[in-house]
Undergrad: 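I have a structure I would like to understand better, so I am pasting it below and will then ask my questions one at a time.
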Amino acid sequence: MIILRLYNSGGVCRSTARLDGKVALITGANSGIGKETALDLASRGARVILACRDVEKGEEAATEIRTRVGGAKVEVRELDLADTCSIRAFAQRFLREVDHLHILVNNAGIMMCPYMKTVDGFEMHIGVSHLGHFLLTYLLIGLLKRSAPSRIVVVSSLAHNFGWIRFHDLHSHGSYNSGLAYCQSKLANVLFTRELARRLHGSNVTVNSVHPGTVRSELMRHSTAMSLLFAVFPMFLKTPKEGAQTSVYCAVAEELQSISGKHFSDCAPAFVAPQGRNEETARTLWDVSCELLGIEWD
C-alpha cells in the first residue's frame, strides 16, 4: 500500500530557481493545486497574485501562505471566469496597477457540474476552463510580451484524451453529458496551448499545458460517483501539493526556458491524443473562440 501511494504521488519539481522580482498570476488559487502553486512560487520570492471568484476564500489562502512563508508577497483580486465583464474589469485594473507579468497560470476550472451557463450564455465547462482563460490571456498578452521572458501554464487533464470539440453544439444545447463536457474543455486547453505557442513563436513567451494527475480537491464535489470511488481508494489520489508539481515545473524549470506548445505530466513530457495535435482543429477553435468573445487576436 505504501509503495502504491508513493508511485501515485508522481513527479517532483527539483528546480531551485528563484523568482525574486518576478510577478505571477494564478487563477483559482484559493484552494487545491492553485493554492499550492501559489505557495511554491511565493516561497521562491515571487510577487503572487491570487485571482479568485470568492475573495473571502482567497484572503484565507493568502493568510495561510503568509503564515507558512515569511515575507511572502501575496495579493488577492476578484476574478469570475464565468463572466466576461468581470474578466475585462480584472484585466483593466491589473494593467493599470501592475507593471510586469512573468508567469500566468491558467489553473481555475470546473469538473462534471450539472448543466449550467455562464453569464454570457456559454456552457459552464467550456466557458470557464477555455473561453474565460482565452479572454484573460488575450487581455494580458501584451504585458506578458513586454515582460519577456515570460511563461504561460495551462492546466488541462488526461481527460483530454476522451474529448472531442463539438463545433456543431459547443455549448451542449442539443444534449448534455457532464463528463463529455469536461473532457471537451480539457481538450480545448491543449488545443489552445498548441495554437497560442505557434502564434507566440519568437516572442520569448512560452506556453505549455499540464496534466496535474488525479488530485484530492474540491473539483470532485459535483461527481458523487468519483467522490465515493476515491473515498474507498484514496491511495490513487495525489495531494494538492503533489498535483501542483508539474504546474510549478513548467513555471520555473530552467530547462524549459525555450520549450513551448508541449504537454507535461509528472514533470516530464506527456502523451497528447491525436485530436489534441490536430492543427486544423486548433485553428478553427481559435477562430470560433474569438467570434464568441467578440475579439480579434491575430
Side-chain angles (χ1 to χ4, degrees), residues 8 10 26-37 52-54 57 79-83 105-134 154-193 209-240 242-244 246-247 263 265 270 272-273 275-276 285 289 292:
N8 284 305
I26 306 171
T27 66
N30 60 281
S31 64
I33 66 174
K35 183 172 72 173
E36 290 295 336
T37 302
C52 307
R53 180 176 57 84
D54 190 325
K57 288 185 178 179
L79 171 64
D80 184 354
L81 288 163
D83 182 353
V105 183
N106 288 334
N107 167 81
I110 193 163
M111 182 178 181
M112 298 177 68
C113 65
Y115 185 72
M116 294 186 287
K117 291 184 178 181
T118 68
V119 172
D120 301 273
F122 308 140
E123 187 278 317
M124 191 63 71
H125 290 91
I126 200 77
V128 170
S129 296
H130 171 61
L131 292 170
H133 282 127
F134 190 101
V154 179
V155 178
S156 180
S157 170
L158 181 70
H160 86 270
N161 285 274
F162 310 103
W164 298 94
I165 304 299
R166 303 171 73 235
F167 288 114
H168 67 286
D169 191 18
L170 196 64
H171 302 292
S172 304
H173 292 140
S175 62
Y176 179 71
N177 178 287
S178 61
L180 294 179
Y182 173 70
C183 293
Q184 176 181 240
S185 70
K186 296 294 99 179
L187 174 59
N189 291 151
V190 172
L191 291 166
F192 169 57
T193 297
S209 60
V210 305
H211 165 56
T214 306
V215 181
R216 186 182 299 110
S217 73
E218 294 180 1
L219 270 181
M220 294 183 187
R221 65 185 180 277
H222 293 297
S223 175
T224 302
M226 289 188 67
S227 296
L228 288 173
L229 178 65
F230 290 120
V232 177
F233 300 105
M235 73 289 294
F236 292 109
L237 288 178
K238 288 184 178 182
T239 65
E242 291 164 350
T246 307
S247 292
H263 185 61
S265 179
V272 176
Q275 63 268 33
L285 179 62
S289 300
L292 287 169

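Along the sequence shown, residues carry numbers from 1.
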Undergrad: Short question: side chain of His160, backbone of Ala273 - any donor-acceptor pair under 3.5 Å?
TA: yes

Undergrad: Any non-hydrogen side-chain atom of Thr118 less than 4.5 Å from a side-chain atom of Met124?
TA: yes

Undergrad: Tell me, with the steps shown, if Lys117 and His173 meet side chain to side chain contact (heavy atoms under 4.5 Å, CB included).
TA: CA-CA 10 Å; Lys117 291 184 178 181; His173 292 140; 3.9 Å; yes

Undergrad: Once side-chain hydrogen bond (donor to acceptor under 3.5 Å, both in side chains) is applied, do any residues pair with His263, and if so which ones, sequence neighbours excluded?
TA: Ser209

Undergrad: So how far is it from Ser157 OG to Leu187 CG, rounded to the nearest 0.5 Å?
TA: 11.0 Å

Undergrad: What pair of heavy atoms forms the shortest contact from Ala82 to Asp120, and how long is it?
TA: O-OD2, 4.2 Å

Undergrad: Test your reading of the model: is there a side-chain donor-acceptor pair from His211 to the backbone of Ser265, 3.5 Å cut-off?
TA: no

Undergrad: Looking at Tyr182 and Ala159, what are the two nearest heavy atoms and their distance?
TA: CE2-CB, 3.6 Å

Undergrad: Whether the side chain of Lys57 engages the backbone of Ala29 through a donor-acceptor N/O pair (distance < 3.5 Å, no angle test) should be reported.
TA: no

Undergrad: Going from CZ on Phe122 to OG on Ser289, what distance comes out if it is rounded to the nearest 0.5 angstrom?
TA: 9.0 Å

Undergrad: Is any side-chain heavy atom of Glu123 closer than 4.5 Å to a side-chain heavy atom of Leu170?
TA: no

Undergrad: Rounded at 0.5 Å granularity, tell me how far CG in Asp54 sits from CG in Leu79.
TA: 12.5 Å

Undergrad: Kindly compute the distance separating CG (Leu81) from CZ (Phe134), expressed to the nearest 0.5 Å.
TA: 14.0 Å

Undergrad: Of all the heavy-atom pairs spanning His125 and Met112, show the shortest one and how long it is.
TA: NE2-N, 2.8 Å

Undergrad: Has the side chain of Lys238 got a donor or acceptor atom that lies under 3.5 Å from a matching backbone atom of Pro212?
TA: yes

Undergrad: Could you state the interatomic distance from CD1 (Ile33) to OG (Ser247), rounded to the nearest 0.5 Å?
TA: 5.0 Å

Undergrad: Is Gln184 reaching over with its side chain to a backbone N or O of Arg166, donor-acceptor style, under 3.5 angstrom?
TA: yes

Undergrad: Once you round to the nearest 0.5 Å, how far does CG of Asn106 lie from OG1 of Thr193?
TA: 8.5 Å

Undergrad: Using the ring of each side chain (for Trp, its six-membered ring), is Phe192 parallel, tilted or perpendicular to His130, with breaks at 30° and 60°?
TA: perpendicular

Undergrad: Between Ser156 and Val190, which heavy-atom pair has the shortest distance, and what is it?
TA: OG-CG2, 3.4 Å

Undergrad: Are His171 and Leu131 close enough that some pair of their side-chain heavy atoms sits under 4.5 Å apart?
TA: yes

Undergrad: If you take all heavy atoms of Ile26 and Gly34, which pair is closest and at what distance?
TA: CG2-O, 4.0 Å

Undergrad: Looking at Ser129 and Ile110, what are the two nearest heavy atoms and their distance?
TA: OG-N, 3.8 Å

Undergrad: Taking only residues two or more places apart in sequence, or in another chain, which ones meet His133 in a side-chain hydrogen bond (donor to acceptor under 3.5 Å, both in side chains)?
TA: Thr27

Undergrad: Determine yes or no for a side-chain-to-main-chain donor-acceptor pair under 3.5 angstrom, with Gln275 supplying the side chain and Asn161 the backbone.
TA: yes

